[in-house]
Amino acid sequence: MRKYIYILFIFAIILASCKTNEEPQSSPRYAMSEMVVRHADSTLPQDTLKVKMDEEDILIDSISVGDTVSFAILCSAVTNQLTAFTVTNDTAVLAMRMILNKNHTDALDASSDVENCRLVFKRGYGAASIPMEYIARKSVTATFSFKLETTSEYSPATLTFKQPIR
């Protein structure tokens, strides 16, 4: 019996000596709501756009010039912290904007540039849901991307979207 107690005691010492102050490293993650389009030339109700993946990009159903697409994106640092979120697009093709409320602005650092879709987060935030919308300006295939930066060694995470505009 003493032998088992001694082994249990040694096992407890080994477990207690393990490093526990290291931050776990996780890849940043995205989740999106449905993309809803309001057609500029119609009084019909809103439509939901289909989104599908190909090998490199995310493809979205086509829209027409003047249509407005609304959605929300959830950015998660999982076990780490958010540092920045950037949307890159051609402003001549898409008029993109983030719809932020007081809770969002309280989480943002003064170096954020909301007009140019660049958010810098204050320390201590692990997730953010960001409502967005864009209006199609030109009849081309639009490309835009999201880049999420976190304190993780697997950061940043990037998503690229393509959408034909008629």
Side-chain angles (χ1 to χ4, degrees), residues 7-37 48-61 63 69-136 140-165:
I7 291 172
L8 187 59
F9 179 70
I10 297 296
F11 185 68
I13 290 173
I14 291 171
L15 283 178
S17 67
C18 292
K19 281 187 172 182
T20 57
N21 60 349
E22 285 188 12
E23 204 173 286
Q25 299 294 308
S26 300
S27 297
R29 297 192 182 134
Y30 296 100
M32 288 182 60
S33 68
E34 290 182 327
M35 297 183 100
V36 177
V37 62
T48 303
L49 295 172
K50 289 183 182 176
V51 179
K52 63 182 178 181
M53 297 276 296
D54 76 358
E55 292 180 13
E56 298 174 10
D57 302 313
I58 300 168
L59 307 173
I60 307 170
D61 275 349
I63 58 174
V69 177
S70 303
F71 62 97
I73 184 157
L74 174 65
C75 302
S76 174
V78 189
T79 57
N80 303 103
Q81 294 181 20
L82 298 174
T83 54
F85 175 71
T86 307
V87 179
T88 306
N89 70 293
D90 183 351
T91 57
V93 176
L94 296 175
M96 182 89 60
R97 76 180 186 110
M98 298 175 173
I99 306 164
L100 304 180
N101 61 31
K102 178 145 176 44
N103 290 337
H104 291 105
T105 55
D106 287 347
L108 299 179
D109 188 77
S111 62
S112 294
D113 185 0
V114 177
E115 292 298 317
N116 291 311
C117 297
R118 168 94 173 131
L119 305 180
V120 178
F121 294 94
K122 292 179 183 173
R123 185 167 170 78
Y125 290 90
S129 178
I130 304 165
M132 302 184 73
E133 73 178 16
Y134 59 87
I135 299 172
V140 295
T141 297
T143 301
F144 60 96
S145 62
F146 299 146
K147 179 178 166 185
L148 178 60
E149 299 171 56
T150 68
T151 56
S152 169
E153 66 185 48
Y154 303 111
S155 178
T158 305
L159 290 178
T160 301
F161 297 84
K162 288 187 178 179
Q163 182 173 38
I165 302 172

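This structure is a prediction, so every number in the text was calculated from the model and none was measured.
Between A127 and L82 the shortest heavy-atom distance is C-CD1, 3.6 Å. The shortest non-hydrogen separation linking Y154 to S27 is CB-OG, 3.6 Å. The two residues A142 and V93 have their closest heavy-atom pair at CB-CG1, 3.6 Å. In terms of heavy atoms, A77 sits closest to T150 at CB-CG2, 3.6 Å. L148 and R29 get closest at one heavy-atom pair: CD2-O, 3.7 Å. Across every non-hydrogen atom of F161 and M32, the tightest pair is CZ-SD, 3.5 Å.
One distance of note links CG of D113 with OG1 of T86; it measures 9.5 Å at 0.5 Å rounding. Annotation: the span from K50 atom NZ to I60 atom CD1 amounts to 14.5 Å, rounded to 0.5 Å. Atom CD1 of I73 sits about 9.0 Å away from atom CE of M98, to the nearest 0.5 Å. Note: Y125 OH to Q81 CD = 10.5 Å, rounded to the nearest 0.5 Å. Atom NZ of residue K122 and atom OG of residue S112 lie 9.5 Å apart, to the nearest 0.5 angstrom. M132 CE to F144 CZ: the interatomic distance, rounded to the nearest 0.5 Å, is 8.0 Å.
Checked options N89, V69, I135, N116; the residue passing with M96 is N89 (criterion: side-chain contact (heavy atoms from CB on, under 4.5 Å)). Applying side-chain contact (heavy atoms from CB on, under 4.5 Å) to Y134 and the options I63, V87, T91 leaves one that passes, I63.
Within the 4.5 Å cutoff, the side chain of T160 has heavy atoms near those of the T143 side chain. By the 4.5 Å heavy-atom criterion applied to side chains, V37 and D61 are not counted as neighbours. Side-chain contact between I58 and F146 is absent, with no heavy atoms from C-beta onward closer than 4.5 Å.
Under the side-chain hydrogen bond (donor to acceptor under 3.5 Å, both in side chains) criterion, K162 pairs with D57, sequence neighbours left out.
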Checklist entry - What's the verdict on side chain to side chain contact (heavy atoms under 4.5 Å, CB included) for L108 and V114, showing C-alpha distance, side-chain angles and the deciding distance? => result CA-CA 10 Å; L108 299 179; V114 177; 4.3 Å; yes
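Between the side chains of S145 and T158, no donor-acceptor pair is found at a separation under 3.5 Å.
Taking the six-membered ring where the residue is Trp, the centroids of F85 and F121 are separated by 6.0 Å or more.
Residue-environment remark: CD (E153) exceeds the threshold of 12 foreign heavy atoms within 6.0 Å.
Without hydrogens or angle criteria, N80 side chain to P28 main chain gives no donor-acceptor distance under 3.5 Å. Distance alone, capped at 3.5 Å, places no donor-acceptor pair between the T83 side chain and the T151 backbone.
Screening residues 97-109 for side-chain hydrogen bond (donor to acceptor under 3.5 Å, both in side chains), with sequence neighbours left out, gives R97-E133, N101-H104, K102-D106, D109-S111.
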